[in-house]
Amino acid sequence: MLTMDDIVREGHPALREVATEVTFPLSDEEKKLGRDMLEFLINSQDEELAEKYGLRGGVGIAAPQLAVTKRFLAIHVHDEKDRLYSYVLYNPKIRSHSVQQACLSGGEGCLSVDREVPGYVVRSERVTIDAFDENGTPLKLRFKDYPAIVIQHEIDHLNGIMFYDHINKENPSYLPPDVDVFG
């Protein structure tokens, strides 16, 4: 079982590397790590387990956060209608995105960042993702609103980008016009 001790923190070189694509068939280790990442997210959202194991609540995690510079991630997040988006995605790519932008009212956080970073992280409000499951089956998934923000945050990790790289350096509280704010 993964714990917070397995997650590398900001400053670790794996967080700034562009991860390499996985090849299929996946190794047993890659499949297991994907499943372990999803299990971590589920456990971190369970109050009892999170307290028992000292887990910070998370809705997404990418392999580079575990010092594995390969292109896969896990998300476990509900949208505003309580629909669950629970996936392990290999080689995910953003196929298309909306012109409409969105952000979280309280900014973003990250399991690899142990400090609060104030500021708006503006992202696309809707994205379509091409990816593969652990068996190499192609997936085309659509995300909007909060789940779209989560998946973009995790794909950024695969490209060596941290969420705070998107914050306006001169004015962190600047919000461009017409951005939808969630939360």
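Along the sequence shown, residues carry numbers from 1. Note that the structure is a prediction, hence the values are computed from the model and not measured.
- Between Lys93 and Ile155 there is no side-chain heavy-atom pair separated by less than 4.5 Å.
- Remark: the backbone N or O of Thr69 is paired with a side-chain donor or acceptor of Thr20 at under 3.5 angstrom.
- Counting heavy atoms from C-beta outward, Ile151 and Ile75 have side chains that approach closer than 4.5 Å.
- Salt bridge absent: Asp28 and Lys32 never bring a charged side-chain N and a carboxylate O closer than 4.0 Å.
- Side-chain heavy atoms closer than 4.5 Å link hydrophobic residues (I, L, V, M, F, W, Y) into clusters, and following such links, possibly through other members, connects Leu73 to Val59.
- For the residue pair Pro118 and Pro172, the shortest heavy atom distance occurs at O-CB, 3.8 Å.
- Side-chain contact between Ile129 and Lys140 is absent, with no heavy-atom pair separated by less than 4.5 Å.
- No more than 12 heavy atoms of other residues, nucleotides or ligands lie within 6.0 Å of CZ in Arg142, so this atom counts as exposed by the packing criterion.
- Between His76 and Ser44 the shortest side-chain heavy-atom distance does not fall below 4.5 Å.
- The aromatic ring centres of Tyr120 and Tyr174 sit 6.0 Å or more apart.
- Both Leu49 and Ile42 sit in one connected hydrophobic cluster of ILVMFWY residues. Membership requires side-chain heavy atoms under 4.5 Å apart, directly or through other members.
- Annotation for Ala148 and Ser124: closest pair CB-O, 4.2 Å, computed over non-hydrogen atoms.
- Counting heavy atoms of neighbouring residues, nucleotides and ligands inside a 6.0 Å radius, atom NZ of Lys144 does not exceed 12 of them.
- Through side-chain heavy atoms spaced under 4.5 Å, either directly or across other Ile, Leu, Val, Met, Phe, Trp or Tyr residues, Tyr164 is tied to Val8, Leu15, Val113, Val117, Val121, Met162, Phe163, Ile167.
- By the neighbour-count criterion of 12 heavy atoms within 6.0 Å, atom OH of Tyr85 is densely surrounded, having more than that number from other residues, nucleotides or ligands.
- Looking only at side-chain heavy atoms (C-beta outward), Thr3 and Leu55 come within less than 4.5 Å of each other.
- Here the two rings, on Tyr146 and Phe182, have centers that are 6.0 Å apart or farther.
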Checklist entry - Where do Met4 and Arg9 land on the side-chain contact (heavy atoms from CB on, under 4.5 Å) test, with the steps shown first? => result CA-CA 10 Å; Met4 291 303 297; Arg9 301 310 203 275; 3.5 Å; yes
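- The closest donor-acceptor contact from the side chain of Asp79 to the backbone of Arg83 lies under 3.5 Å.
- Qualifying salt bridge (Lys or Arg N to Asp or Glu O under 4.0 Å) partners for Arg115, counting only residues two or more places apart in sequence or in other chains: Glu10.
- Note on Leu141: it does not cluster hydrophobically with Val88, by side-chain heavy-atom contacts below 4.5 Å among ILVMFWY residues.
- Transitive grouping of hydrophobic side chains (ILVMFWY, heavy atoms separated by less than 4.5 Å) brings Val68 and Phe24 into a common cluster.
- Salt bridge annotation for Glu30-Arg71: absent, with no cationic side-chain nitrogen under 4.0 angstrom from a carboxylate oxygen.
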Item to check | Criterion side-chain contact (heavy atoms from CB on, under 4.5 Å) on Gln100 and Asp180, from CA distance to verdict | outcome: CA-CA 8 Å; Gln100 181 63 46; Asp180 289 336; 3.6 Å; yes
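- Remark: side-chain polar atoms of Glu108 are not paired, donor with acceptor, to backbone N or O of Cys103 under 3.5 angstrom.
- The closest side-chain donor-acceptor pair between Ser173 and Asn171 falls under 3.5 angstrom.
- Leu2 has its side chain within reach of Leu66: a pair of non-hydrogen atoms, C-beta onward, lies under 4.5 Å apart.
- A distance-only check finds a donor-acceptor pair linking the side chain of Gln65 to the backbone of Ala62 [under 3.5 Å].
- Leu158 and Phe40 are assigned to two separate hydrophobic clusters, defined by single-linkage of ILVMFWY side chains at heavy-atom distances under 4.5 Å.
- To the nearest 0.5 Å, the span separating CZ on Arg123 from NE2 on His153 amounts to 6.5 Å.
- Judged by distance alone, with hydrogens and angles left aside, the side-chain atoms of Arg16 form a donor-acceptor pair with the main-chain N or O of Gly160 at under 3.5 Å.
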Next on the checklist: For Lys70 and Glu21: C-alpha separation, side-chain torsions, deciding distance, then whether salt bridge (Lys or Arg N to Asp or Glu O under 4.0 Å) applies.
Outcome noted: CA-CA 6 Å; Lys70 294 185 180 180; Glu21 289 200 346; over 6 Å; no
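- Across every non-hydrogen atom of Glu134 and Lys31, the tightest pair is O-CE, 3.7 Å.
- More than 12 heavy atoms of other residues, nucleotides or ligands sit less than 6.0 Å from atom CG of Asn135.
- Contact annotation: the side chain of Gln152 approaches that of Val127 to within less than 4.5 Å [non-hydrogen atoms, C-beta and beyond].
- The closest side-chain donor-acceptor pair between Glu125 and Ser98, if any, does not fall under 3.5 angstrom.
- Side-chain contact between Asn91 and Val22 is present, with at least one heavy-atom pair separated by less than 4.5 Å.
- When the shell of 6.0 Å around NZ of Lys52 is examined, it contains 12 or fewer heavy atoms from other residues, nucleotides or ligands.
- Between Ala131 and Pro92, the closest heavy-atom pair is CB-CA, 3.8 Å.
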Item to check | Pair Tyr90-Phe72, ring pair (Phe, Tyr, Trp, His ring centres under 6.0 Å): steps then yes or no | outcome: CA-CA 4 Å; Tyr90 293 87; Phe72 62 99; 4.9 Å; yes
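- With sequence neighbours left out, the side-chain contact (heavy atoms from CB on, under 4.5 Å) criterion links Ile161 to Asp156, Asn159, Asp165, His166.
- One distance of note links CG of Asp36 with CG of Leu41; it measures 11.0 Å at 0.5 Å rounding.
- By the 4.0 Å N-to-carboxylate-O rule, Asp130 lies close enough to Arg95 to be salt-bridged with it.
- Electrostatic pairing of Arg56 and Asp114 counts as a salt bridge here, judged by a charged N lying under 4.0 Å from a carboxylate O.
- Ring pair Phe143/Tyr87 is perpendicular by interplanar angle, where above 60° counts as perpendicular and below 30° as parallel.
- Closest approach of Gly183 to Ser105, counting heavy atoms only: O-OG, 2.7 Å.
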